[in-house]
Amino acid sequence: MSKGFPMLPQAARAIERLRAAGHEAWIVGGCVRDVLLGRTPTDYDLTTSALPEETEAVFAGEKLIETGLQHGTVTVVLEGVPLEITTYRVDGGYTDARHPDGVTFTRSLREDAARRDFTINAMAYAPGEGLQDFFGGQADLSAGVIRAVGEADRRFQEDALRILRAIRFASVLGFELDPETDAAARRNAPLLQKISVERVFVELSKLLCGLGAGKILRAYPDILGVVLPELTPTVGFAQHNLHHCYDVYTHTAVAVDHVPPEVTLRFAALFHDLGKPATFSMGEDGQGHFYGHPKVSAALAEQILLRLRAPKRLREEVVRLVEVHDWPLSSEPRLIRRRLQQLGEEGFFALLALQKGDAAACSLSDCTREDGRNAVETAARTILAARPCLSVGDLAVNGRDVMALGYCGSGVGAALRRLLERVIAEEIPNEKTALLQSLEEKDAKKA
């Protein structure tokens, strides 16, 4: 292990074993990039001159996974850590714009590096050998540039997912695409229609949670519109409203930047105004209005997330947030308790965060509304600290108590829900005697 270049011990030992058997071996790709950026790699990929069967011989006795064998990859589980070890290779044609039709093994590390997507991902490192950087990846890291290895059009036509990966890396790292890579990404964007929706969803999720998500959204509506055509009508759509200083798409991009980088919130911010173009009307006051746009936006959000096969829980949470994103909030305790009861604690604070981001993307005068929402957050946390009654389960009475008064069947649940409504409205205290007395009084009025 070389001083100053931290490496996962298991990866270092794998390299040692391959080299001891007479083969070249390096860590390669994202793990090298991340170390150079001062980040901790999430996984380690190795490349080697050893053929797959030679790799398996070196690691005989270890758990081997051969699912990538057709592309020269053997996954070795070394001391509990899975390491993907791939033979130096040259890729054949890519008729599906995603996977090579075949691969040819080579003994050249440079030839292997030449098939990779971007210069920052084409570097290799080995203890005792140092860094191998054939295409200027280190310089591009320093300059904050995403540059394709070799001919950009060819890289994107081989694997169209690289187009999304390019802007995803730019978002996550706060980088920019170099001009040739940028132009090629735009030219080849229609190829993204060939990419599986599952891979598109993964790349979009990472892009949205990146450091420069808003900047990338603003720069690449043409690329994003291929995989999210529902965004296209919002691009350049003027709002004609004194509360808005941006068109709908720019407002959306700014809002994304102003919510926490959590995937649910970022998708909710991205989708919250999708319904505006379809619901636009010009009022007699000369102001643009978008009556009912949250419901239309929520329907579009669900349509998109179903198409992308997003996890069910994420889809439901995003759609709910979009649907309620313009619900009034204030520091008034009754309203806060009502919203907490309707949304739950997590949903309440998610809505608050979304509304803060939404306000930050409005006109300068409307940005001051964030101060009011800070007061809402403080009030809500004070209320929660007092452990308020927010659900039927929090009531000081239960179903048996209500049945003892003569209620039965669905009437029991209805009675408990009425009690909860009155407690939340502060009409009665959450005390057993007061609750039961309230039910008895209601029955007396009926009689």
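Throughout, residue positions are numbered sequentially from 1 according to the sequence presented.
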Would you mind writing out the side-chain donor-acceptor pairs for residues 219-227 within the sub-3.5 Å range, not counting sequence neighbours?
residue	atom	partner	partner atom	Å
Tyr220	OH	Asp182	OD2	2.5
Asp222	OD1	Arg186	NH1	3.0
Asp222	OD2	Arg186	NH1	2.9

Could you tell me whether the side chain of [Y] reaches within less than 4.5 Å of the side chain of [X], counting heavy atoms only?
| X | Y | result |
| --- | --- | --- |
| Arg116 | Val28 | yes |
| Arg218 | Val254 | yes |
| His251 | His272 | yes |
| Val77 | Ile65 | yes |
| Ser297 | Lys276 | no |
| Ile85 | Thr75 | no |
| Lys356 | Asn374 | yes |
| Val324 | Leu351 | yes |

Nearest non-hydrogen partners of [X] and [Y], listed with the distance:
| X | Y | result |
| --- | --- | --- |
| Asp112 | Arg115 | O-CG, 2.9 Å |
| Phe156 | Ala185 | CE1-N, 3.5 Å |
| Gln287 | Leu242 | OE1-N, 2.7 Å |
| Pro233 | Pro277 | O-CG, 3.7 Å |
| Thr279 | Tyr291 | CB-O, 3.6 Å |
| Val376 | Phe348 | CG1-CZ, 3.9 Å |

Aromatic centroids of [Y] and [X] separated by under 6.0 Å:
| X | Y | result |
| --- | --- | --- |
| Phe201 | Phe267 | yes |
| His293 | His325 | yes |
| Tyr125 | Phe5 | yes |
| Phe280 | Phe237 | yes |

Using modelled atom types only, decide if a donor and an acceptor are shared between the side chain of [X] and the backbone of [Y] within a distance under 3.5 Å.
| X | Y | value |
| --- | --- | --- |
| Gln355 | Trp327 | yes |
| Gln157 | Asn188 | no |
| Arg339 | Leu329 | no |
| Thr234 | Leu231 | yes |
| Thr181 | Ala148 | yes |
| His244 | His240 | no |
| Tyr249 | Leu217 | yes |
| Asp273 | Val248 | no |
| Ser171 | Leu207 | yes |
| Thr47 | Thr86 | yes |

Next on the checklist: Between Arg338 and Gln342, does the side chain to side chain contact (heavy atoms under 4.5 Å, CB included) criterion hold? Intermediate values first, please.
Outcome noted: CA-CA 6 Å; Arg338 168 70 59 207; Gln342 292 169 320; 3.7 Å; yes
Less than 4.0 angstrom from a charged side-chain N to a carboxylate O is my criterion; do [X] and [Y] meet it?
| X | Y | result |
| --- | --- | --- |
| Glu158 | Arg154 | yes |
| Arg307 | Glu230 | yes |
| Glu323 | Lys295 | no |
| Asp153 | Arg187 | yes |
| Arg337 | Glu426 | yes |

Checklist entry - Between Val296 and Leu274, does a side chain to side chain contact (heavy atoms under 4.5 Å, CB included) hold up when you go through it step by step? => result CA-CA 8 Å; Val296 176; Leu274 283 179; over 6 Å; no
Next on the checklist: Under a 3.5 Å threshold, yes or no: a donor from one side chain and an acceptor from the other, between Thr73 and Glu84?
Outcome noted: no
Checklist outcome for this item: Residues passing the side-chain contact (heavy atoms from CB on, under 4.5 Å) test with Ala414, sequence neighbours excluded, are Arg417, Arg418
Item to check | Non-neighbouring partners of Ile428 that pass side-chain contact (heavy atoms from CB on, under 4.5 Å), sequence neighbours left out | outcome: Leu419, Arg422, Val423, Leu435, Ser438
Say you draw a straight line from [atom1] of [X] to [atom2] of [Y]; how long is it, rounded to the nearest 0.5 Å?
| X | Y | atom1 | atom2 | result |
| --- | --- | --- | --- | --- |
| Ile424 | Leu340 | CD1 | CG | 9.0 Å |
| Arg168 | Ser205 | CZ | OG | 10.5 Å |
| Arg89 | Phe105 | CZ | CZ | 8.5 Å |
| Phe271 | Glu302 | CZ | CD | 11.5 Å |
| Leu308 | Ile304 | CG | CD1 | 7.5 Å |
| Phe118 | Leu177 | CZ | CG | 7.0 Å |

Checklist entry - Do other residues, nucleotides or ligands put more than 12 heavy atoms under 6.0 Å from Glu346 CD? => result no
Next on the checklist: So for atom CD, which belongs to Glu56, do other residues, nucleotides or ligands contribute more than 12 heavy atoms lying within a distance under 6.0 Å?
Outcome noted: yes
Donor-acceptor pairs under 3.5 Å, side chain of residues 379-396 to any protein atom, not counting sequence neighbours: which ones?
residue	atom	partner	partner atom	Å
Arg381	NE	Glu377	OE2	3.4
Arg381	NH2	Glu377	OE2	3.4
Thr382	OG1	Thr378	O	3.0
Ser391	OG	Gly393	N	3.4
Ser391	OG	Asp394	OD2	3.2
Asp394	OD2	Leu390	N	3.0
Asp394	OD2	Ser391	N	3.2

Checklist entry - Does the pair Leu208 and Val263 meet the rule for a side chain to side chain contact (heavy atoms under 4.5 Å, CB included), with working shown? => result CA-CA 7 Å; Leu208 285 174; Val263 67; over 6 Å; no
Only pairs under 3.5 Å count here: list side-chain donor-acceptor contacts from residues 31-46, not counting sequence neighbours, and write none if there are none.
residue	atom	partner	partner atom	Å
Arg33	NH1	Asn121	OD1	2.5
Tyr44	OH	Leu8	N	3.3

Next on the checklist: Working note: Arg320 + Glu316, criterion salt bridge (Lys or Arg N to Asp or Glu O under 4.0 Å); need CA distance, chi angles, decisive distance, verdict.
Outcome noted: CA-CA 6 Å; Arg320 178 62 166 161; Glu316 291 175 346; over 6 Å; no
Checklist entry - Which residue pairs pass the side-chain hydrogen bond (donor to acceptor under 3.5 Å, both in side chains) test when at least one of the two sits in residues 131-143, sequence neighbours left out? => result Thr119-Asp140, Asp140-Arg147
